[in-house]
Protein chains: 2
Amino acid sequence: MLSKKTKYALHALTYLGKHRETKTVLIQDIAEEHGISHKFLENILLELRKAGYLGSKKGKGGGYYLIKEPKDIPLSKVIRLLDGPIALLPCVSLNYYEPCAECKDEAHCGINKVMIQVRDETLKILENKTLQDILDGE
Amino acid sequence: MLSKKTKYALHALTYLGKHRETKTVLIQDIAEEHGISHKFLENILLELRKAGYLGSKKGKGGGYYLIKEPKDIPLSKVIRLLDGPIALLPCVSLNYYEPCAECKDEAHCGINKVMIQVRDETLKILENKTLQDILDGE
DNA sequence: TATAAACCCTATAAAAATTATAGACTTAAT
DNA sequence: ATTAAGTCTATAATTTTTATAGGGTTTATA
């Protein structure tokens with residue numbers, strides 16, 4: 001399951017995607033719309049900005065806005081940013097690789113081999129679904 | 001990522017799958033093979049037995065053994081048993097459904113719709129990979 | 001039939017991760 | 001100046017995961 005962080009990030013991105021005509025959107029607006037803690041959401045939006053998905057304007061009249069095209073924001077990227085690895089095991093993670101302590105010989109581990117396949121097929125799904133697909137469904 | 005519980009379950013099933021000729025296997029043997037806590041693994045094997053994957057024999061000379069064909073043990077089932085939902089959000093889970101608190105109208109939520117697709121495609125992958133595939137890779 | 005080996009079961013403790021909050025700081029419009 | 005807004009870091013609270021403990025039951029076998 002996705003963490004609340006990622007779930008809220010998706011809601012925020014969706015909200016921002018739906019309000020691209022207005023110049024900026026307040027954290028508060030998104031927080032109220034979904035009944036999310038303002039402060040918790042703040043940290044999430046900050047991460048999305050640092051990762052290059054959002055722009056922000058400080059000071060009075062400021063707020064957040066989407067700076068990437070919704071079609072260029074795949075689920076895979078959002079999940080990796082907020083939640084971490086998409087792979088089911090550390091030993092098959094492309095971006096967060098770590099050996100599994102209980103595994104003596106990764107090269108001859110059947111679990112490892114199968115999980116590499118699962119990872120590749122899962123990645124195909126998550127790279128193909130973007131914010132645009134979410135917006136199309138609203 | 002899978003929990004250690006699920007990961008250990010997969011290692012245990014793999015071990016049992018590789019030792020089907022011997023009548024029973026001791027918890028201790030599996031625990032030692034992978035450096036897992038005996039007691040932690042005990043609880044996992046108990047769950048696998050209750051779910052109908054393993055049989056056990058009590059008393060001296062007892063132990064565990066596989067009672068299903070490896071080809072009839074898909075990853076999806078093992079993950080659901082030990083880890084819970086495969087869906088990325090509670091609101092799209094087939095087996096553990098719960099509405100999402102921050103979602104006002106599930107029927108018109110683009111995230112929900114996309115996540116249903118992700119769930120269905122992910123499920124296809126995990127239902128198709130079985131313990132047999134793991135054993136083939138050892 | 002006593003003993004030891006092994007699984008059974010429930011409760012609880014410890015650790016880690018997630019979720020939430022706090023508060024001081026910076027920036028910019030008016 | 002004042003006020004409204006994002007920035008940033010630290011820490012607290014909560015939940016989940018991981019691990020341990022310990023007595024109970026069953027069974028082979030000497």
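Chain letters run A, B, ... following the sequence lines, proteins first, then strands; residues in each count from 1. Please read all numbers here as calculations on a predicted model, not as lab measurements.
- Remark: A/Lys39, A/Glu42, A/Asn43, A/Leu46 in residues 39-47 of chain A come within less than 4.0 Å of DNA chain D through at least one heavy atom.
- Computed from coordinates, the B/Met1 CE to D/dT18 C1' distance equals 15 Å when rounded to whole Å.
- In terms of phosphate contacts, A/Ser37 brings no side-chain nitrogen or oxygen within less than 4.0 Å of OP1 or OP2 of C/dT19.
- In the displayed structure, A/His38 atom NE2 is contacted under 6.0 Å by more than 12 heavy atoms of other residues, nucleotides or ligands.
- The NZ-C1' distance, from B/Lys4 to D/dT20, rounds to 15 Å in whole Å.
- Rounded to a whole Å, the CD1 atom of A/Ile36 is 12 Å from the C1' atom of C/dT19.
- Applying a 4.0 Å cut-off to non-hydrogen atoms, the residues of residues 6-29 of chain B that approach DNA chain D are B/Tyr8, listed by residue number.
- Ion pairing between B/Glu33 and B/Lys18 fails under the 4.0 Å rule for side-chain N and carboxylate O.
- In this structure, B/His34 and B/Tyr15 have perpendicular ring planes: the angle between them is above 60°, well past the 30° mark.
- Sparse packing is recorded around NZ of A/Lys77, with 12 or fewer heavy atoms of other residues, nucleotides or ligands lying under 6.0 Å away.
- The side chain of A/Ser3 places no N or O atom within less than 4.0 Å of a non-bridging phosphate oxygen (OP1 or OP2) of C/dA17.
- Under 3.5 Å, the side chains of B/Glu32 and B/Gln28 contain a donor-acceptor pair of N or O atoms.
- A/Lys5 places its NZ atom 16 Å from the C1' atom of D/dT16, with the value rounded to the nearest Å.
- How far CG of A/Asn128 is from CG of A/Leu123: 10.0 Å, rounded to the nearest 0.5 Å.
- No side-chain donor-acceptor contact under 3.5 Å links B/Asn43 and B/Glu47.
- When the C1' atom of C/dA20 is taken as reference, atom CD of B/Glu102 falls 15 Å away, rounded to whole Å.
- One finds no side-chain N or O of B/Arg49 lying less than 4.0 angstrom from the OP1 or OP2 phosphate oxygen of C/dA6.
- In this structure, CG of A/Leu2 is placed 14 Å from C1' of C/dT18, rounded to the nearest angstrom.
- Side chain of A/Tyr64 to main chain of A/Arg49: no donor-acceptor pair is present (N/O by atom type, distance under 3.5 Å, no hydrogens or angles).
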* **Where protein sits on nucleotides 25-30 of chain D, one letter per nucleotide: B base, S sugar-phosphate only, - none, heavy atoms under 4.0 Å** => -BBB--

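- At least one side-chain heavy atom of B/Met1 sits under 4.5 Å from a side-chain heavy atom of A/Pro90.
- The line from OG1 of A/Thr22 to CG of A/Asp29 is 9.0 Å long, rounded to the nearest 0.5 Å.
- For B/Ser56, a side-chain nitrogen or oxygen approaches OP1 or OP2 of C/dC8 to under 4.0 Å.
- In this structure, of D/dC8, D/dG6, C/dC8, it is C/dC8 that holds the atom nearest to the side chain of B/Tyr64.
- Taking 4.5 Å as the limit, every side-chain heavy atom of A/Leu75 sits out of range of all side-chain heavy atoms of A/Leu2.
- A salt bridge links A/Glu42 with A/Lys39; the closest basic N to acidic carboxylate O contact falls under 4.0 Å.
- Summarising the geometry, the separation between OH on B/Tyr65 and P on C/dA6 is reported as 16 Å, rounded to the nearest angstrom.
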